[in-house]
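The next block holds one structure in the form of structure tokens; read it before the comments.
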Amino acid sequence: MATLEVGQKAPAITAKNQNGESISLSDFMGTKVILYFYPKDNTPGCTTEACNFRDNYQSLKKEGFEIIGVSIDGEASHQKFISKHELPFQLLVDEDQKIVNDYGVWVEKNMYGKKYMGTARTTFVIDEQGNIAHIIKKVDNKNASQQIRDLIK
């Protein structure tokens with residue numbers, strides 16, 4: 001599993017979005033990308049985080065950012081999540097867990113003493129050249145956008 005660091009080239013991504021369209025990270029060269037990984041559509045923490053990005057989407061766009069969410073959920077689940085919460089950004093499908101592995105966020109978790117594999121909530125800020133500018137491992141769901149702004153001041 002990858003252990004990524006600030007300054008490294010972001011691993012290449014090509015995946016389907018919620019509409020079955022093929023999206024590549026390279027499509028966004030010249031743009032700053034907020035690539036955020038979350039465990040599951042329509043769960044409380046993930047919804048809070050997504051809605052924070054939604055509520056700050058226009059101002060983040062003005063600051064030169066594109067937002068892309070990634071989870072191991074499928075297209076239909078992403079479509080429902082986007083529709084229910086009016087999310088204005090793309091969600092990538094990673095059902096084969098390739099992206100979460102490439103980014104080192106597919107980890108062993110522990111809930112109530114039960115161990116299982118899952119996605120560690122993590123945000124990568126990728127610069128215009130495709131390099132990792134920041135990694136946020138302790139995401140504050142309610143203030144995810146502000147966490148990014150605090151890093152780039």
Side-chain angles (χ1 to χ4, degrees), residues 1-19 21-75 77-95 97-107 118-153:
M1 177 170 17
T3 301
L4 300 177
E5 296 179 18
V6 169
Q8 284 183 298
K9 194 83 173 155
I13 294 174
T14 299
K16 301 278 188 212
N17 69 4
Q18 70 277 359
N19 298 320
E21 301 161 335
S22 185
I23 303 298
S24 295
L25 189 57
S26 59
D27 297 343
F28 299 93
M29 288 302 273
T31 303
K32 296 177 281 191
V33 175
I34 297 167
L35 183 67
Y36 83 98
F37 291 86
Y38 65 98
K40 188 152 183 53
D41 290 342
N42 283 306
T43 56
C46 298
T47 298
T48 299
E49 182 181 18
C51 289
N52 179 268
F53 282 131
R54 175 201 65 204
D55 295 346
N56 291 280
Y57 183 71
Q58 290 306 323
S59 61
L60 287 166
K61 287 281 283 187
K62 284 180 187 160
E63 293 170 40
F65 287 99
E66 187 55 58
I67 300 171
I68 303 171
V70 182
S71 81
I72 63 168
D73 295 307
E75 286 176 33
S77 178
H78 283 346
Q79 288 172 352
K80 288 178 192 166
F81 191 39
I82 287 170
S83 177
K84 183 175 181 179
H85 300 288
E86 299 178 358
L87 304 180
F89 46 85
Q90 302 185 77
L91 300 178
L92 299 184
V93 174
D94 190 26
E95 290 176 307
Q97 296 146 15
K98 179 181 178 352
I99 305 169
V100 290
N101 276 300
D102 287 352
Y103 277 78
V105 298
W106 187 247
V107 299
T119 303
R121 187 183 311 279
T122 309
T123 299
F124 292 84
V125 179
I126 300 169
D127 69 18
E128 296 91 336
Q129 291 77 42
N131 298 312
I132 298 170
H134 301 284
I135 302 171
I136 303 171
K137 293 183 180 181
K138 294 199 182 303
V139 175
D140 177 352
N141 298 341
K142 292 180 183 151
N143 299 297
S145 299
Q146 189 59 46
Q147 273 186 300
I148 292 164
R149 287 192 172 104
D150 290 346
L151 287 172
I152 59 171
K153 284 183 181 175

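What you are looking at is a predicted structure, and each value in this text was computed from that prediction instead of being measured. Numbering starts at 1 and runs along the sequence shown.
Not a single donor-acceptor pair under 3.5 Å links the side chain of Ser83 to the backbone N or O of Gln79. No side-chain donor-acceptor contact under 3.5 Å links Asn143 to the backbone of Gln146. Although no hydrogens or angles enter the test, the distance criterion places a donor-acceptor pair under 3.5 Å between the side chain of Gln147 and the main chain of Asp140. With hydrogens and angles disregarded, no donor-acceptor distance shorter than 3.5 Å links the side chain of Ser24 to the backbone of Ser26. Although no hydrogens or angles enter the test, the distance criterion places a donor-acceptor pair under 3.5 Å between the side chain of Thr43 and the main chain of Lys40. Proximity of a side-chain donor or acceptor of Arg54 to a complementary backbone N or O of His85 within less than 3.5 Å is detected. The closest donor-acceptor contact from the side chain of Asp94 to the backbone of Val100 lies under 3.5 Å.
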Kindly indicate, with the supporting measurements, whether the criterion side-chain hydrogen bond (donor to acceptor under 3.5 Å, both in side chains) is fulfilled by Asn17 and Glu21. CA-CA 5 Å; Asn17 69 4; Glu21 301 161 335; 2.8 Å; yes

Would you sort out whether Ile13 and Leu92 count as a side-chain contact (heavy atoms from CB on, under 4.5 Å), showing the intermediate values? CA-CA 10 Å; Ile13 294 174; Leu92 299 184; 3.9 Å; yes

side-chain contact (heavy atoms from CB on, under 4.5 Å) between Thr14 and Ile23, worked out: CA-CA 5 Å; Thr14 299; Ile23 303 298; over 6 Å; no

Check step by step if side-chain contact (heavy atoms from CB on, under 4.5 Å) holds for Glu49 and Thr123. CA-CA 11 Å; Glu49 182 181 18; Thr123 299; 3.9 Å; yes

For a side-chain hydrogen bond (donor to acceptor under 3.5 Å, both in side chains) check, start with the C-alpha distance between Asn19 and His78, then their side-chain angles and the critical distance, and finish with the verdict. CA-CA 9 Å; Asn19 298 320; His78 283 346; over 6 Å; no

Give the intermediate values and the outcome of side-chain contact (heavy atoms from CB on, under 4.5 Å) for residues Ser22 and Lys16. CA-CA 4 Å; Ser22 185; Lys16 301 278 188 212; 4.2 Å; yes

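With a 6.0 Å radius and a threshold of 12 heavy atoms from other residues, nucleotides or ligands, Gln129 has its CD atom above the threshold. In the displayed structure, Lys32 atom NZ is contacted under 6.0 Å by more than 12 heavy atoms of other residues, nucleotides or ligands. Within a 6.0 Å radius of NZ in Lys80, other residues, nucleotides and ligands contribute 12 heavy atoms or fewer.
Between Leu35 atom CG and Ile68 atom CD1 the span is 6.0 Å, to the nearest 0.5 Å. Separating the OH atom in Tyr57 from the CG atom in Asn52 is a distance of 14.5 Å, to the nearest 0.5 Å. For the atom pair Cys46 SG and Phe81 CZ, the distance stands at 6.5 Å (nearest 0.5 Å). If you take CZ on Phe89 and NZ on Lys61, they are separated by 12.0 Å, rounding to the nearest 0.5 Å. We find the CZ-CD1 distance between Phe37 and Ile136 to be 13.0 Å, quoted to the nearest 0.5 Å. Taking CZ of Phe65 as the start and CG of Asn56 as the end, the distance is 11.5 Å to the nearest 0.5 Å.
When all heavy atoms are compared, the tightest approach of Asp73 to Pro39 is OD2-O, 4.3 Å. Considering every non-hydrogen atom in both Cys51 and Leu87, the closest pair reads N-CD2, 4.5 Å. Taking each heavy atom of Asn141 and Arg121 in turn, the nearest pair found is OD1-CD, 3.0 Å. For the residue pair Ala15 and Ile99, the shortest heavy atom distance occurs at CB-CD1, 3.7 Å.
In this structure, the side chains of Ile126 and Phe28 stay at 4.5 Å or more apart for every pair of heavy atoms. With a 4.5 Å cut-off on side-chain heavy atoms, Leu25 and Val33 count as touching. For the pair Asn131/Lys9, a side-chain contact is recorded, criterion being any heavy-atom separation below 4.5 Å from C-beta on. Counting heavy atoms from C-beta on, the side chains of Thr48 and Pro44 never come closer than 4.5 Å. In this structure, Ser71 and Thr119 have side chains that are not in contact, with every pair of non-hydrogen atoms separated by 4.5 Å or more. Residues Pro11 and Tyr103 are in side-chain contact: their nearest non-hydrogen atoms beyond the backbone lie under 4.5 Å apart. Two residues are said to be in side-chain contact when any heavy atoms from C-beta on lie closer than 4.5 Å; Val139 and Thr122 fail this criterion.
Aromatic ring centres of Phe124 and Tyr36: separated by at least 6.0 Å.
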